[in-house]
Amino acid sequence: MNVDDVVAEKIAAAAARAEANKRRRAALAAARKRGLAARHAQKLRNLSARTTDGSPVTTDDGSTTTEENQ
């Protein structure tokens, strides 16, 4: 093995590490995005179950549509 072979191996190893890191970051970003979308959707569901003054929405039978009924 000469110096050029060693350098080529180091370059290949560094490129492989960089590609693995890139894939890992992409997977984490996708998971983060899904989680953020889920949190926003839940917040919208919670907000839609409230009136404009922040009190729970009541139904005709007097029950509310919030988590109090669960």
Side-chain angles (χ1 to χ4, degrees):
M1 260 182 140
N2 62 22
V3 174
D4 291 336
D5 294 336
V6 173
V7 171
E9 284 180 8
K10 287 186 179 187
I11 290 173
R17 281 192 309 271
E19 184 62 31
N21 285 337
K22 187 176 182 179
R23 283 192 304 270
R24 182 181 52 81
R25 285 191 307 270
L28 289 174
R32 190 178 308 114
K33 190 173 184 178
R34 283 190 306 273
L36 185 60
R39 287 191 299 276
H40 286 177
Q42 183 63 47
K43 183 174 183 178
L44 290 175
R45 284 191 295 272
N46 290 342
L47 288 173
S48 70
R50 298 271 176 189
T51 61
T52 56
D53 66 355
S55 61
V57 175
T58 55
T59 59
D60 291 338
D61 62 359
S63 63
T64 60
T65 59
T66 61
E67 298 82 18
E68 298 164 1
N69 291 334
Q70 296 179 359

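Count residues from 1 along the sequence.
The hydrophobic cluster of Val6 has no other members, since no ILVMFWY side-chain heavy atom comes under 4.5 Å of it.
Residue pairs satisfying the salt bridge (charged side-chain N to carboxylate O under 4.0 Å, His left out) criterion with at least one member in residues 7-29, sequence neighbours excluded, are listed as follows: Glu19-Arg23.
Under the side chain to side chain contact (heavy atoms under 4.5 Å, CB included) criterion, Leu36 pairs with Arg39, His40, not counting sequence neighbours.
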